[in-house]
Amino acid sequence: MTLILVDQDLCTRCGICSVVCPMAIVTPADENTLPVVRDASAGMCIQCGHCEVSCPSQALLLNVRQDGKVPLPAEAGIISSDNMAFYLKKRRSVRHFTKDTVPKEKILEILDIARYAASGGNGQPVQWIVVHDPKRVKKIAELTVEWMKTLQNANHPMSGHVPMLIGAWERGRDVICRDAPHLLFAHIPEGNPVASVDAIIALTHFDVAAPAFDIGTCWAGFVAMAAASYEPLQKELGIPAGRKCAYAMMFGNPLYKVYGIPSRKPLAVTWQ
Ligand SMILES: Cc1cc2nc3c(=O)[nH]c(=O)nc-3n(C[C@H](O)[C@H](O)[C@H](O)COP(=O)(O)O)c2cc1C
Ligand code: SF4
Ligand code: SF4
């Protein structure tokens with residue numbers, strides 16, 4: 001089955017669908033061909049839909065839709081009670097950022113919204129570290145790769161994945177922090193049984209609020225895993241005594257826009 005369908009009359013061969021694919025499996029067009037996902041790579045597709053929704057010409061259709069294509073009117077995304085669904089459905093992980101940094105005042109405005117997130121017993125246990133200096137973000141990515149190297153011959157769920165990630169890093173591709181200018185860490189008290197959930201809720205507030213400020217985010221799973229167990233990274237972050245990193249998120253100014261809404265699994269609900 002062809003994974004992506006590209007309309008040859010609409011495709012301008014801009015290359016964006018290849019650049020945004022997080023799995024790097026969309027081969028760019030040349031004079032004779034359209035963008036394509038080769039059969040050998042199709043199994044790596046995570047069905048995120050970024051190739052489809054990032055196409056400025058609406059030329060590409062991901063051929064795995066389980067639902068009809070949801071039209072995204074030009075005005076969608078302005079938050080009001082009417083188009084909240086559009087606002088949330090058009091949120092995407094951003095993995096391509098401009099070089100500009102985000103002013104601290106803007107970051108504080110978004111974090112201030114996250115202050116109102118739900119927390120168990122209204123305990124509000126979440127505190128933040130913002131890594132604002134892009135050079136420090138790079139250092140954290142380096143330490144995450146160092147952590148990955150310790151897993152290479154170990155019995156760890158990540159051991160099978162790390163050679164590919166380390167290889168990409170060594171070829172100059174930042175697959176850890178995606179060249180994001182900033183990182184956000186939520187940290188919580190050790191030994192608080194609900195705080196890890198509180199942290200994810202607060203980070204989700206940041207994730208959801210950020211696009212209203214023209215800021216793009218992406219959950220930084222590799223960094224978060226390293227921060228949970230790799231002492232050199234914990235030292236670098238300087239998390240206060242008695243507290244631990246709950247999770248991490250990269251953010252910055254997005255390089256690309258989103259023009260549509262990708263397919264997702266059908267809603268699964270049991271009524272009782
Ligand atoms: C807990 C968690 C960890 C993630 N870690 C990473 C990561 O380390 N790198 C990355 O590029 N994307 C990461 N993602 C983004 C997912 O790949 C993304 O959410 C998914 O493909 C769906 O795409 P969407 O967010 O645009 O809907 C993470 C997402 C979550 C929720
Ligand atoms: S993003 Fe759209 S227009 Fe650009 S190369 Fe891909 S399919 Fe063609
Ligand atoms: S759906 Fe996502 S992983 Fe699959 S080809 Fe498109 S961009 Fe790449």
Side-chain angles (χ1 to χ4, degrees), residues 1-31 33-66 88-97 140-141 144-145 147-148 158 161-162 164-165 168-169 173-180 183 186 196-197 199-201 203-204 206-208 210-211 216-228 246-251 254 256-265:
M1 186 188 73
T2 312
L3 188 66
I4 58 170
L5 303 171
V6 180
D7 185 322
Q8 60 177 355
D9 296 330
L10 295 177
C11 177
T12 60
R13 294 171 157 77
C14 68
I16 291 176
C17 51
S18 305
V19 176
V20 298
C21 173
M23 307 309 288
I25 56 174
V26 182
T27 306
D30 59 27
E31 317 86 82
T33 63
L34 292 166
V36 66
V37 176
R38 306 221 183 278
D39 288 347
S41 314
M44 288 167 68
C45 173
I46 59 171
Q47 303 192 3
C48 64
H50 280 230
C51 50
E52 181 181 278
V53 300
S54 304
C55 171
S57 319
Q58 309 272 296
L60 190 153
L61 198 67
L62 187 65
N63 199 13
V64 291
R65 279 197 165 271
Q66 298 156 23
L88 290 175
K89 287 179 182 178
K90 80 193 275 261
R91 179 216 57 83
R92 294 276 70 76
S93 295
V94 168
R95 300 185 182 85
H96 299 274
F97 302 91
I140 288 164
T144 303
V145 173
W147 164 74
M148 286 178 170
M158 284 291 293
H161 303 284
V162 293
M164 202 173 76
L165 295 161
W169 175 265
R173 266 193 72 214
D174 179 3
V175 284
I176 308 300
C177 292
R178 308 275 177 179
D179 294 317
L183 273 175
S196 55
V197 176
I200 299 303
I201 297 170
L203 275 163
T204 301
F206 186 90
D207 188 35
V208 165
T217 56
C218 185
W219 295 79
F222 301 132
V223 175
M225 276 189 267
Y247 222 83
M249 190 168 278
M250 40 192 132
F251 69 98
Y256 300 116
K257 284 170 81 162
V258 164
Y259 299 92
I261 294 169
S263 175
R264 289 293 179 259
K265 289 181 186 174

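In each ligand, atom 1 is the first atom listed, and ligand 1 is the first ligand listed. Predicted model, so just to flag it, every value in this text is computed and none were measured.
- The nearest heavy-atom contact from the protein to atom 8 (O) of ligand 1 is Gly221 N, 2.9 Å.
- If you take OG1 on Thr144 and CE on Met225, they are separated by 10.0 Å, rounding to the nearest 0.5 Å.
- Ligand 1 has a nitrogen or oxygen under 3.5 angstrom from a nitrogen or oxygen of Arg92.
- Distance check: Met249 CE to Thr204 OG1 gives 6.0 Å after rounding to the nearest 0.5 Å.
- Counting only heavy atoms of the protein, atom 2 (Fe) of ligand 3 lies nearest to Cys48 SG, 2.4 Å.
- In this structure, atom 7 (C) of ligand 1 lies nearest to the protein heavy atom Trp219 O, 3.3 Å.
- When heavy-atom distances to ligand 3 are checked against a 4.0 Å cut-off, Gln47 comes that close only through its backbone atoms N, CA, C and O.
- Between the NZ atom of Lys89 and the CZ atom of Arg264 there is a distance of 11.5 Å, given to the nearest 0.5 Å.
- Note that CG of Leu5 and CG of Leu60 are 8.0 Å apart. Values are rounded to the nearest 0.5 Å.
- With a 4.0 Å heavy-atom cut-off, ligand 3 is reached by no atom of Ile4.
- Contacts of Val175 with ligand 1, taken as heavy-atom pairs under 4.0 Å, are absent altogether.
- The nearest protein atom to atom 21 (O) of ligand 1, hydrogens excluded, is given as Ile46 CD1, 3.5 Å; this is a heavy-atom distance.
- The residue among Gln47, Lys90, Lys89, His50 with a heavy atom at the shortest distance from atom 26 (O) of ligand 1 is His50.
- Applying the 4.0 Å criterion to heavy atoms of Met23 picks out, from ligand 3, the atoms 3 (S).
- Listed by atom number, the atoms of ligand 3 under 4.0 Å from Cys45 heavy atoms are 1 (S), 3 (S), 4 (Fe).
- Taking every heavy atom of Gly15 and a limit of under 4.0 angstrom, the matching atoms of ligand 2 come to 4 (Fe), 5 (S).
- The nearest protein atom to atom 8 (Fe) of ligand 3, hydrogens excluded, is given as Cys21 SG, 2.3 Å; this is a heavy-atom distance.
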Name the atoms and distances for all side-chain donor-acceptor pairs under 3.5 Å in residues 13-20, with sequence neighbours left out.
unit_1	atom_1	unit_2	atom_2	d
Arg13	NE	Asp30	O	3.0
Arg13	NH2	Thr33	O	3.3
Ser18	OG	Val26	O	2.9

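- Remark: of the listed residues Ile4, Val37, Leu3, Ile4 is the sole one forming a side-chain contact (heavy atoms from CB on, under 4.5 Å) with Cys51.
- Under a 4.0 Å heavy-atom criterion, Pro22 is not in contact with ligand 1.
- With hydrogens left out, the protein atom closest to atom 6 (Fe) of ligand 3 is Cys51 SG, 2.4 Å, a heavy atom.
- With respect to atom 11 (O) of ligand 1, the closest heavy atom belonging to the protein is Arg95 NE, 2.7 Å.
- Taking atom 18 (C) of ligand 1 as the reference point, the nearest protein heavy-atom neighbour is Ser93 OG, 3.4 Å.
- Of the protein's heavy atoms, Arg264 NH2, 3.8 Å lies nearest to atom 22 (C) of ligand 1.
- Each of the atoms 1 (S) of ligand 3 lies under 4.0 Å from some heavy atom of Leu62.
- With ligand atoms numbered from 1 in the order given, ligand 3 contributes 1 (S), 2 (Fe) to contacts under 4.0 Å with heavy atoms of Gly49.
- A distance of 7.0 Å separates OG in Ser93 from CG in Asp207, rounded to the nearest 0.5 Å.
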Going through the distances and angles, do Met250 and Val223 end up as a side chain to side chain contact (heavy atoms under 4.5 Å, CB included)?
CA-CA 9 Å; Met250 40 192 132; Val223 175; over 6 Å; no
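- The distance cut-off of 2.8 Å around atom 2 (Fe) of ligand 2 captures these protein N, O or S atoms, sorted by chain and number: Cys55 SG.
- Nearest non-hydrogen protein atom to atom 1 (C) of ligand 1 is Tyr247 OH, 3.3 Å.
- Distance alone, capped at 3.5 Å, is enough to place a donor-acceptor pair between the Asp174 side chain and the Asp179 backbone.
- The closest side-chain heavy-atom distance from Cys55 to Tyr259 is not below 4.5 Å.
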